[in-house]
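Comments concern the structure below.
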Amino acid sequence: MEFKDNTKSARKSVFPAGFFWGAATSAHQVEGGNQNDWTLFERQNAKRLSQSAQKKHWPDYILNNHPNPFQVENYISGQACDHYNRFKEDFDIAQSLGHNAHRFSIEWSRIEPEEGKFNGKEIEHYREVIRALRERDMEPFVTLWHWTLPRWLENKGGILTEDFQRYFVRYAERLAVAFKNDVQFWFTINEPEIYCLNAYYRGRRPPQKNGFFYFYRGFNSLILAHRLAYRAMKKISSRFTIGIVCNLSDFKSSGGPVNAFLKVLFERFWNHRFLQKIKNEIDAIGLNFYFHHRIRYGLRSANEVISDVGWDLHPEGIESILRDLQVYERPIYITESGLADARDKNRAWFIKETIEAAGRALARGVPVRGYFHWSLSDNFEWDNGFWPRFGLVEIDYRTLERKIRPSAWEYKKIIENHFNV
Ligand code: IFM
């Protein structure tokens, strides 16, 4: 595939040698067998969630899959994809798909199941995971915290407990020491804004708090946690590349001064607030890109192509976000981008368009350094459960058989074309 390059000869790829191509996962969504705040939430809410799904209309291709939104088991992560035991098999697949990097998260509740007691065996497990990646020539990108909390920390009040930063820094230091020689790329927190929105503003996810005040406190707590963890980890190794992963939106005004003003407000608050606060304590930016909003006196859907979970698919929107991020003068990794697409109808198109748009940003000098598709395999999509299918690889949740989707091979072709220019 050729990429339009406005500055150089059109035949040459704009993606530099050493660009990272891969996919991303998170511990609770794929590992299985976890005991954390989500495990409890799932037990308490699965029935309610399956009942409220009955009120909606669902297409047959979703209802015919297993599990489907009406089934209680859909909302219980249980063994998930059993990635905890099958990571080597999954990495073999990623390697066969041409990936040279992989983003995953470490499960805090495994590392520190009781307050202050660190589990050496679980640290060794993740050492094995990292080794398995290296053996397959894949660079590990490690997220320290992707939303799930150990039960003891949940009981203390989670991110709103006044000691949260101390706990987070202690956990981060422990991992930084353990993997000082094994990991270069670290992300402290996954999507602080989405976590606070769903857990502290909308009350949809644990600890199910509602209100702007909670959101604001949670957000500030995570800002401080990132900054302190960054400083502590840098003391352990100055050669670490440490970043944050933010979920940023493409906002487009529908015209007129009011909408233009609203666009600036949304961008300042949603896309830049967290980054502005930590801009002196980041070596890299992780961009998770899913959302595109039209602004017409509020946020509207563009009603173009939508994914199985109803999100607008507007891949070219990533270009303007990437260009906006240039102000931070840091390398940017697209740490997630993807779609729920059980029929694999739009995935190849979406990947190609997203990467082309990232290529256009690169050609204009934006330092994009990696692309990680969300996700390597189907997985547990939080309060939606298993039915949304985000994977390059399909999981049969009855047998745990893995099946590579056609779009995964299309992604491989893109990767190869860029290595071989
Ligand atoms: O599954 C999530 C992931 O945990 C965080 N980013 C968005 C994905 C899709 O909703």
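Fair warning: this is a prediction, and the values are worked out from it, not measured in the lab. As the structure lists them, so they are numbered: ligands from 1, and atoms in each ligand from 1.
Between the side chain of Trp186 and the main chain of Ala172, no donor-acceptor pair closer than 3.5 Å is present.
Two residues are said to be in side-chain contact when any heavy atoms from C-beta on lie closer than 4.5 Å; Arg103 and Glu336 meet this criterion. Side-chain contact check for Ser221 versus Gln165: some heavy-atom pair is nearer than 4.5 Å.
Between Trp374 and His146, the ring planes are parallel. Angles under 30° get that label, and only those over 60° would be called perpendicular.
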What short N/O contacts, under 3.5 Å, does ligand 1 make with the protein, listed by atom pair and distance?
from     : atom 1 : to     : atom 2 : distance (Å)
ligand 1 : 1 (O)  : Gln29  : NE2    : 2.9
ligand 1 : 1 (O)  : Trp374 : NE1    : 3.4
ligand 1 : 1 (O)  : Glu381 : OE1    : 2.6
ligand 1 : 4 (O)  : Gln29  : OE1    : 2.7
ligand 1 : 4 (O)  : His146 : NE2    : 2.8
ligand 1 : 4 (O)  : Trp382 : NE1    : 2.9
ligand 1 : 6 (N)  : Glu191 : OE1    : 3.4
ligand 1 : 6 (N)  : Glu191 : OE2    : 2.7
ligand 1 : 6 (N)  : Glu336 : OE1    : 2.5
ligand 1 : 10 (O) : Glu381 : OE1    : 3.4
ligand 1 : 10 (O) : Glu381 : OE2    : 2.5

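At least one test fails for Arg294 against the ring of Phe251: distance under 6.0 Å to the centre or angle within 45° of the axis.
Considering only residues two or more places apart in sequence or on other chains, Asn74 meets the side chain to side chain donor-acceptor pair (under 3.5 Å) condition with none of them.
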